[in-house]
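Every heavy atom of this structure was used, including side-chain atoms; hydrogens, water molecules and symmetry mates were not.
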Amino acid sequence: MPLVTDITSLILLAGALVLFALEAWAFVDAVSHKPEVFEAAGKQTKTMWLVLLGIALAAHMLIWHPIHLLNLIGAVASIVYLVDVRPALRSMTRR
């Protein structure tokens with residue numbers, strides 16, 4: 001039984017690290033864009049995204065379990081940012 005526990009722990013740790021990297025990437029990317037670009041792209045405000053992604057990142061630093069509710073919510077917010085908001089922001093800044 002210890003082998004199963006070790007494998008499960010490794011999988012959960014790997015999941016936590018992947019989610020943390022995803023949330024950190026989304027937060028750093030949101031910081032790098034100007035506030036006007038968020039509104040021009042129609043994707044809420046920079047402040048709203050920074051607060052949402054910052055809380056997700058902070059919660060993940062405190063709770064290293066990828067299946068915890070706060071971490072799942074943070075992962076969803078980060079994925080929405082990276083899949084929907086980031087491409088819209090990048091299309092607004094490319095010239």
Side-chain angles (χ1 to χ4, degrees):
M1 210 55 169
L3 180 61
V4 173
T5 305
D6 291 343
I7 292 172
T8 303
S9 295
L10 285 174
I11 291 171
L12 288 175
L13 178 61
L17 290 172
V18 167
L19 291 179
F20 180 75
L22 188 77
E23 291 167 357
W25 177 27
F27 183 78
V28 169
D29 188 75
V31 168
S32 70
H33 292 286
K34 294 182 180 183
E36 303 84 38
V37 180
F38 283 83
E39 293 176 21
K43 299 297 179 183
Q44 298 298 322
T45 64
K46 179 176 182 172
T47 303
M48 192 273 314
W49 280 108
L50 287 179
V51 167
L52 185 63
L53 296 171
I55 289 171
L57 193 58
H60 201 99
M61 283 191 264
L62 295 172
I63 307 165
W64 275 93
H65 197 283
I67 313 226
H68 191 273
L69 181 62
L70 289 177
N71 288 340
L72 291 175
I73 292 170
V76 168
S78 299
I79 291 168
V80 167
Y81 177 85
L82 292 171
V83 171
D84 181 44
V85 178
R86 184 174 185 261
L89 299 177
R90 288 177 55 91
S91 71
M92 298 295 291
T93 57
R94 281 191 219 149
R95 299 274 176 220

Identified side-chain contact (heavy atoms from CB on, under 4.5 Å) partner of Phe38 from the options Leu50, Leu89, Thr47, Thr45: Leu89
Any pair counted as side chain to side chain donor-acceptor pair (under 3.5 Å), so long as it reaches residues 64-75, sequence neighbours left out: His60-Asn71
Minimum side-chain heavy-atom gap Ser32-Asp29 below 4.5 Å: yes
Hphob cluster co-occupancy, Met92 + Val80, side-chain heavy atoms under 4.5 angstrom: yes
Side-chain touch Ile7/Ile11, heavy atoms, less than 4.5 angstrom: yes
Heavy-atom closest contact (Ala24 atom, Leu57 atom, distance): N-CD1, 3.7 Å
Hydrophobic cluster identity match, Trp49 and Val31, side-chain contacts under 4.5 Å: yes
Connected via hydrophobic side-chain network under 4.5 Å: Ile79 and Val18: no
Closest non-hydrogen atom pair between Pro87 and Leu82, with its separation: CD-O, 3.4 Å
From CA spacing to verdict: side-chain contact (heavy atoms from CB on, under 4.5 Å), Leu17, Leu13: CA-CA 6 Å; Leu17 290 172; Leu13 178 61; 4.2 Å; yes
ILVMFWY network linking Val76 to Phe27, side-chain heavy atoms under 4.5 angstrom: yes
Donor-acceptor contact present, side-chain Lys46 to main-chain Glu36, <3.5 Å: no
Under the side-chain contact (heavy atoms from CB on, under 4.5 Å) test, residues paired with Ala56 that sit two or more places apart: Glu23
Short side-chain to backbone donor-acceptor contact, Tyr81 and Leu53, under 3.5 Å: no
Spatial distance of atom CG (Leu19) from atom CG (Leu72) [nearest 0.5 Å]: 7.5 Å
Heavy-atom side-chain proximity of Phe20 to Met61 below 4.5 angstrom: yes
Hydrophobic cluster membership, Val37 vs Met48, 4.5 Å side-chain cutoff: yes
Check: Arg86 and Trp25 side chains under 4.5 Å, non-hydrogen atoms: yes
